[in-house]
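Chain identifiers are assigned alphabetically (A, B, ...) following the order of the sequence lines, protein sequences preceding nucleic acid strands; residue numbering begins at 1 within each chain. No experiment lies behind these values; they were computed from the predicted model shown.
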There are 2 protein chains.
Amino acid sequence: MTKVLVVDDEPQIRRALRTSLEAHGYEVVVVGTGEEGVLAAADAMPDLLLLDLGLPDLDGTEVIRRVRAFTEVPVIVLSVRDAQHDKVAALDAGADDYVTKPFGMEELLARARAAMRRAAPEDPAPPLLRYGELEVDLARRLVIRDGQALHLTPTEYGLLEALVTNPDKLLTHQWLLRRVWGQGYGTETTYLRTYVRALRKKLGDDAARQGLIVTEPGVGYRWVGEPTFGASSTD
Amino acid sequence: MTKVLVVDDEPQIRRALRTSLEAHGYEVVVVGTGEEGVLAAADAMPDLLLLDLGLPDLDGTEVIRRVRAFTEVPVIVLSVRDAQHDKVAALDAGADDYVTKPFGMEELLARARAAMRRAAPEDPAPPLLRYGELEVDLARRLVIRDGQALHLTPTEYGLLEALVTNPDKLLTHQWLLRRVWGQGYGTETTYLRTYVRALRKKLGDDAARQGLIVTEPGVGYRWVGEPTFGASSTD
DNA sequence: TCGGGGCGTGAGGGATGCGTGAAGACCTGC
DNA sequence: GCAGGTCTTCACGCATCCCTCACGCCCCGA
């Protein structure tokens with residue numbers, strides 16, 4: 001059955017969405033916070049995600065970014081905010097559609113159908129990546145080494161996520177800086193050196209050997225960690 | 001270049017869309033009727049279709065249906081009508097999004113990016129080139145020989161890319177130097193000798209035999225690697 | 001047959017960029 | 001206001017890469 005994940009903190013909206021969706025034959029999972037939403041997107045593997053932007057814990061675009069780290073599930077944003085820059089930010093973060101509250105249920109259902117119709121066939125890529133004794137849980141933003149959870153700073157995790165979600169690909173300095181630090185960056189290669197070093201240290205990687213992160217001099221870095229357990233390439 | 005087909009009969013909207021889209025680097029084709037729109041969708045093969053619902057000749061949903069008969073191109077509907085049943089009809093007919101006039105141009109551009117991003121996976125050109133035991137992955141900037149990743153310096157890779165992307169074509173010294181080293185170069189054939197040698201060595205090619213890189217004395221070089229087809233590692 | 005230009009080969013100097021270590025600036029929660 | 005953690009910045013060896021030069025070979029024309 002088609003499964004829809006609803007992430008919203010307003011009881012009224014939650015009830016209305018659940019009722020209407022179930023009446024149309026969808027299986028519905030409802031959670032109330034952004035953190036729960038990201039986890040549910042990983043665990044429940046829904047076919048569609050309806051996301052409220054005004055969540056209490058996380059910014060909406062942040063939720064989209066985290067979900068997009070491990071799944072291509074269609075995301076429709078529901079929001080009371082009608083400002084253009086909110087829509088642009090959400091859509092560019094990876095959302096598929098943006099509906100302003102209050103919305104008509106028939107329209108929402110039609111947009112949901114359109115989004116799911118377009119969706120690519122679901123690839124069962126597990127949000128848990130393993131590289132020997134290293135585990136990266138993209139949904140929980142958790143990194144485990146030798147059974148022990150590692151503490152990564154936000155920047156370190158952002159860098160790791162950028163690397164592991166683009167395996168074997170040469171990521172240029174500029175690309176990494178823009179992705180992890182923001183659009184205004186692109187030349188600060190000393191940042192990269194510092195954080196790549198910190199990551200290597202925490203992951204137990206060695207700059208000299210080609211273990212996990214390979215340096216491509218003058219160009220960028222590349223994640224070459226061999227995934228263990230399960231299928232590999234995720235194109 | 002990304003091509004956008006605009007189907008609208010209002011001169012004001014046409015001008016505004018053309019200006020904004022071209023300012024953002026899109027190639028724009030504009031027609032004024034539904035019949036023309038369907039034909040242009042087939043002939044011009046656009047990457048995105050912006051469709052006004054209030055056309056003089058055909059009903060908007062009919063245009064969508066006809067277009068959908070032969071292409072999966074993303075369709076965004078522009079309409080003055082805000083009624084739910086119009087949106088539902090358009091979306092269920094095969095549209096990907098529905099924007100009500102008057103709309104903000106930034107929002108429209110963001111929705112266009114989202115629609116095209118989702119359609120992107122049907123990329124028919126796998127950038128993985130194979131020549132016997134040599135693989136060149138242009139997307140990942142990865143070169144593999146006998147199952148082992150090769151380490152190429154930026155200049156070496158730039159030269160290889162120039163050669164591989166112009167197979168069987170005679171590339172002059174000047175052309176190669178300008179492409180790999182920059183506009184200010186053109187006479188430094190010693191650079192080419194040095195780097196062609198390094199490339200041949202790493203690729204396992206032999207200058208004497210005509211394996212991969214052929215020397216055209218006094219003129220330039222030519223890539224003659226025979227592409228082999230077969231099961232690639234990315235399936 | 002001889003000479004010269006172009007090419008392949010090998011090696012080396014200089015500059016760039018990287019890894020490393022450390023320290024100050026900043027921010028955030030208590 | 002304070003303390004801990006985090007981000008940014010700097011200096012210093014060192015490996016790597018780009019560029020350069022010298023030499024011998026082959027092909028081609030005189």
Between the CD atom in A:E133 and the CG atom in A:L203, the distance rounded to the nearest 0.5 Å is 13.5 Å
Residue B:Y221, side-chain atoms from C-beta onward, closest of D:dT9, C:dG8, C:dG19: C:dG8
Check whether any side-chain N or O of B:T215 sits under 4.0 Å from OP1 or OP2 of C:dG6, and answer yes or no. no
Whole-Å distance between C:dC7 P and B:L176 CG? 12 Å
A:D47 side-chain N/O to A:K3 backbone N/O, donor-acceptor pair under 3.5 Å: yes
To the side chain of B:R197, which of D:dC19, D:dC17, C:dT9 is closest? C:dT9
Checking contacts here: which listed nucleotide (D:dC17, C:dG8, D:dT9) is nearest the side-chain heavy atoms of B:T153? D:dC17
Taking D:dC18, D:dG5, D:dT8 as options, the one with an atom nearest any side-chain atom of A:H151 is D:dG5
Please report the distance, rounded to the nearest Å, between CD in A:E156 and C1' in D:dT8. 14 Å
Closest listed nucleotide, where the reference is the side chain of A:Y185 and the choices are D:dC7, C:dG19, D:dT8: D:dT8
Over how many whole Å does the gap from B:D206 atom CG to D:dC26 atom P extend? 14 Å
Nucleotide C:dT9, atom P - distance to CZ of B:R200 in whole Å: 7 Å
Could you check which of D:dC18, D:dC19, C:dC7 has an atom nearest any side-chain atom of B:Y191? D:dC19
The single option from A:R222, A:Q210, A:R193, A:R200 that satisfies side chain to side chain donor-acceptor pair (under 3.5 Å) with A:T215 is A:R200
Between D:dC18, C:dT9, D:dT8, spot the one nearest the side chain of B:R193, thanks. C:dT9
The criterion is side chain to side chain donor-acceptor pair (under 3.5 Å); which residues satisfy it with B:T155, sequence neighbours excluded? none
Below the 4.0 Å mark, does C:dC18 have OP1 or OP2 next to a side-chain nitrogen or oxygen of A:H173? yes
Given the options A:R14, A:K101, A:R18, A:D8 meets salt bridge (Lys or Arg N to Asp or Glu O under 4.0 Å) only with A:K101
Looking only at D:dC7, C:dC18, C:dT20, the nucleotide nearest the A:Y195 side chain is D:dC7
Atom-to-atom span, CZ of B:R209 to C1' of C:dC7 - whole angstrom: 18 Å
Is A:W181 near enough to D:dC7 that one of its side-chain N or O atoms lies under 4.0 angstrom from OP1 or OP2? no
Contact class for B:T189 (heavy atom, under 4.0 Å): base, sugar-phosphate, or nothing? nothing
What is the distance from CD of B:E188 to P of D:dC21, rounded to the nearest Å? 12 Å
